[in-house]
Amino acid sequence: MTSILVVSGSVRPNSANSKVLPVVVQMLEAKGVSVTVADLAVINLPFYNDPLPTSAPEFAPTNEAVSAWTKLVDMADGVVLVTPEYNHTMSPVQLNAIDWIGKEWEDKPVALIGYGWRSGAGQAHATAREALAVNLKAKVGDDQANLFFMKDLNPDGTVADEAAVTSKLEAALTELLEATDVSA
Ligand SMILES: Cc1cc2nc3c(=O)[nH]c(=O)nc-3n(C[C@H](O)[C@H](O)[C@H](O)COP(=O)(O)O)c2cc1C
């Protein structure tokens, strides 16, 4: 069975993330996929503090949380990032999680799902794509799901327009599963 890792993007209490992420999980499970949630509030990664970059051949982190997080990404057939837009970029907690991993991102299918106000998650997605697709050589899907508050979502993250949200998520998740060579 295909395994997909769904990664949270907020560690705030009552975050919109905590409402959007379960919708993503539900859609994946309905497609017969095995889903693991990486809750970054629970994993609690340190801010990047290794003397070496992940690109160094000798890079070998000893931190347990980093090792557990690396294993989750390595074992997954594909990864979904659920990303809020903070100050015209992605949330720092999620970018820090990306930074901790090097070669495990290579050729990893990734779907971007994000939300925000005026441009939705447009700028968050741009940062995620630059880091993951351009620098780390992950296979980031073209169909990023860009969800807008007051149209697609209510400000607390609950779904406002079910048809629109379903259609945007469907496009991103279908592309992800195709990239993992799964017929779902
Ligand atoms: C530090 C911070 C910066 C933010 N900057 C933006 C922004 O640049 N664009 C935007 O659309 N929303 C911005 N917002 C509003 C968030 O999109 C909104 O608060 C959302 O609920 C955050 O996601 P979360 O609840 O999952 O943490 C910002 C929120 C925070 C906390």
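Start at 1 and go down the list; that is how both ligands and their atoms are numbered. Treat the numbers as computed from the prediction; the structure is a model and nothing was measured.
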Exercise. Is it true that Asp156 and Lys19 make a salt bridge, defined as a side-chain N closer than 4.0 Å to a carboxylate O?
Worked result: no

For this session: Determine whether Leu5 and Ile98 fall in the same hydrophobic cluster, where Ile, Leu, Val, Met, Phe, Trp and Tyr are linked whenever their side-chain heavy atoms lie under 4.5 Å apart.
Result: yes

Exercise. Between Val80 and Ile4, does a side-chain contact (heavy atoms from CB on, under 4.5 Å) hold up when you go through it step by step?
Worked result: CA-CA 7 Å; Val80 181; Ile4 299 294; 3.8 Å; yes

What are the atoms of ligand 1, with element, lying closer than 4.0 Å to any heavy atom of [X]?
{"X": "Tyr115", "value": "23 (O), 24 (P), 26 (O)"}
{"X": "Gly116", "value": "11 (O)"}
{"X": "Ser10", "value": "24 (P), 26 (O), 27 (O)"}
{"X": "Asn17", "value": "26 (O)"}

Exercise. Are the side chains of Pro84 and Ser91 in touch, meaning some heavy atoms are under 4.5 Å apart?
Worked result: yes

Exercise. Under 4.5 Å between any side-chain heavy atoms of Tyr115 and Phe149, yes or no?
Worked result: yes

Problem set entry | Polar contact flag for Ala16 and ligand 1 (N/O pairs, less than 3.5 Å) | yes

Exercise. So, is Asn14 polar-close to ligand 1, with some N/O to N/O distance under 3.5 Å?
Worked result: no

Exercise. Looking only at heavy atoms, what is the nearest atom pair of Leu177 and Lys31, with distance?
Worked result: CD1-CD, 3.6 Å

Seminar exercise, completed: All heavy atoms of Gln123 vs all of Ser119, minimum pair found to be OE1-OG, 3.4 Å

Tell me which one of [options] gets a heavy atom nearest to [atom].
{"atom": "atom 3 (C) of ligand 1", "options": "Asn87, Leu153, Val82", "value": "Asn87"}
{"atom": "atom 13 (C) of ligand 1", "options": "Glu85, Arg118, Gln123", "value": "Glu85"}
{"atom": "atom 10 (C) of ligand 1", "options": "Tyr86, Trp117, Phe148", "value": "Trp117"}

Exercise. Counting heavy atoms only, which part of Arg12 comes closer than 4.0 Å to ligand 1: side chain, backbone, both or neither?
Worked result: side chain

For this session: Name the closest protein heavy atom to atom 8 (O) of ligand 1, giving the residue it belongs to and the distance to 0.1 Å.
Result: His88 N, 2.8 Å

For this session: State yes or no: are the ring centers of Tyr48 and Trp100 separated by less than 6.0 Å?
Result: yes

